[in-house]
Amino acid sequence: MSAKGVGMANKGPSFGLSRQVQDKIDSKYDPELEQILVEWISRQCGSGVGRPESGKTGFQAWLKDGCVLSELINSLFAGEKPVKKIQSSSMAFKQMEQISQFLSAAEKYGVTKTDMFQTVDLWEGKDLAAVQRTLSALGSLAITKDEGTYNGDPNWFFKKAQENKRDFSDEQIKAGKNVIGLQMGSNKGASQEGMSYGRPRQIL
């Protein structure tokens with residue numbers, strides 16, 4: 001096999017499990033949410049940030065150097081801006097550094113760790129659905145905080161503090177209690193008699 005053949009084998013599409021995993025991740029990416037996020041970021045940051053080509057690849061390319069994200073997070077802080085230096089660069093490590101500055105500022109703003117994407121999710125396009133999740137969480141927080149910095153439609157994101165109220169009838173509540181009673185079982189007649197716990201621990 002020629003060296004060229006070997007090179008091509010390595011560069012080929014990822015088959016098997018990794019391909020399936022990637023497909024699963026890709027399927028979580030939401031094109032409708034992409035449109036909302038693009039609209040929000042454009043309004044929030046102004047025309048200077050431009051707009052991406054539609055689709056996942058365009059979305060990734062638009063955010064990849066971290067500058068648009070940094071502009072976005074800065075626009076949500078009324079006072080001192082968390083990302084001091086926003087500089088476009090073609091160097092990979094500079095772009096990743098800019099993304100991580102956005103991530104630490106987003107955490108400072110209140111986005112939880114579970115809602116946070118990893119730098120490689122965006123930079124390498126590993127999980128753009130996670131990027132969408134972080135940006136949605138950020139939008140929700142901005143609406144919830146209501147500090148006058150959110151610039152968009154309040155219906156685009158859910159308020160974080162909204163209660164998830166459910167109306168149950170009295171019958172349903174009673175039925176629920178019966179189920180709980182049965183699940184817990186009965187401890188009638190049970191006692192701790194005869195149980196030994198060994199020597200009590202010495203506290204020095």
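Since the structure is predicted, the reported quantities are computational estimates derived from the model, not experimental observations.
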Participant: More than 12 heavy atoms of other residues, nucleotides or ligands under 6.0 Å from NZ of Lys85: is that the case?
Facilitator: no
Participant: Taking only Lys NZ, Arg NE, NH1 and NH2, and the carboxylate oxygens of Asp or Glu, determine whether Lys113 and Glu107 approach each other closer than 4.0 Å.
Facilitator: yes
Participant: Hey, does Lys94 have a side-chain heavy atom less than 4.5 Å from the side chain of Gln87?
Facilitator: no
Participant: Find the distance between CG (Leu138) and CG (Leu72) and round it off to the nearest 0.5 Å.
Facilitator: 5.5 Å
Participant: Could you measure the distance from the OG1 atom of Thr114 to the CZ atom of Arg133? Nearest 0.5 Å is fine.
Facilitator: 8.0 Å
Participant: Please tell me if the side chains of Glu39 and Arg51 come closer than 4.5 Å, counting only heavy atoms from C-beta onward.
Facilitator: yes
Participant: So Leu141 and Tyr150, do their side chains get closer than 4.5 Å, heavy atoms only?
Facilitator: no
Participant: To the nearest 0.5 Å, what is the distance between CD (Glu53) and CD (Gln60)?
Facilitator: 12.5 Å
Participant: Tell me, with the steps shown, if Asp65 and Gln98 meet side-chain contact (heavy atoms from CB on, under 4.5 Å).
Facilitator: CA-CA 7 Å; Asp65 70 358; Gln98 195 78 58; over 6 Å; no
Participant: Please determine whether the number of non-hydrogen atoms from other residues, nucleotides or ligands lying under 6.0 Å from atom CD of Gln118 exceeds 12.
Facilitator: no
Participant: Just by distance, do the side chain of Glu71 and the backbone of Val49 share a donor-acceptor pair under 3.5 Å?
Facilitator: no
Participant: Which heavy atom in Glu34 sits nearest to a heavy atom in Gln132, and how many Å separate them?
Facilitator: N-NE2, 3.4 Å
Participant: Rounded to the nearest 0.5 Å, how far does OH of Tyr109 lie from CZ of Phe102?
Facilitator: 11.5 Å
Participant: Quick one, Phe157 and Leu37 - any side-chain contact, counting heavy atoms below 4.5 Å?
Facilitator: yes
Participant: Is the closest side-chain heavy-atom distance between Val83 and Leu69 below 4.5 Å?
Facilitator: no
Participant: Kindly indicate whether the side chain of Ser136, heavy atoms from C-beta on, has any atom under 4.5 Å from the side chain of Leu33.
Facilitator: yes
Participant: Looking at every non-hydrogen atom in both residues, tell me the closest pair between Leu135 and Trp40 and how far apart they are.
Facilitator: O-CZ3, 3.6 Å
Participant: Determine the minimum heavy-atom distance between Glu147 and Leu76, stating which atoms define it.
Facilitator: OE1-O, 4.1 Å
Participant: Looking at Phe59, I'd like to know if the NZ or CZ of Lys64 sits under 6.0 Å from its six-membered ring centre while staying within 45 degrees of the ring's axis.
Facilitator: no
Participant: With a 4.5 Å heavy-atom cut-off, do Pro82 and Asn74 have their side chains touching?
Facilitator: yes
Participant: Can you give me the closest heavy-atom contact between Leu128 and Leu122, atom names plus distance?
Facilitator: CD2-CD1, 3.9 Å
Participant: Less than 3.5 Å apart, any donor N or O on the side chain of Thr134 or Asp115 sitting next to an acceptor on the other?
Facilitator: no
Participant: Taking all non-hydrogen atoms of both residues into account, name the closest pair between Ser42 and Gly50 and its distance.
Facilitator: OG-O, 3.9 Å
Participant: I'd like to know if the side chain of Thr149 and the backbone of Ala78 have a donor-acceptor N/O pair within less than 3.5 Å.
Facilitator: no
Participant: For a 4.5 angstrom cut-off between non-hydrogen side-chain atoms, does Trp62 reach Val38?
Facilitator: yes
Participant: At what distance, to the nearest 0.5 angstrom, does CD of Gln95 lie from OG of Ser90?
Facilitator: 7.0 Å
Participant: Once you round to the nearest 0.5 Å, how far does OG1 of Thr119 lie from CG of Leu103?
Facilitator: 5.0 Å
Participant: Minimum heavy-atom separation for Trp156 and Gly152, please, with both atom names.
Facilitator: CZ3-CA, 3.7 Å
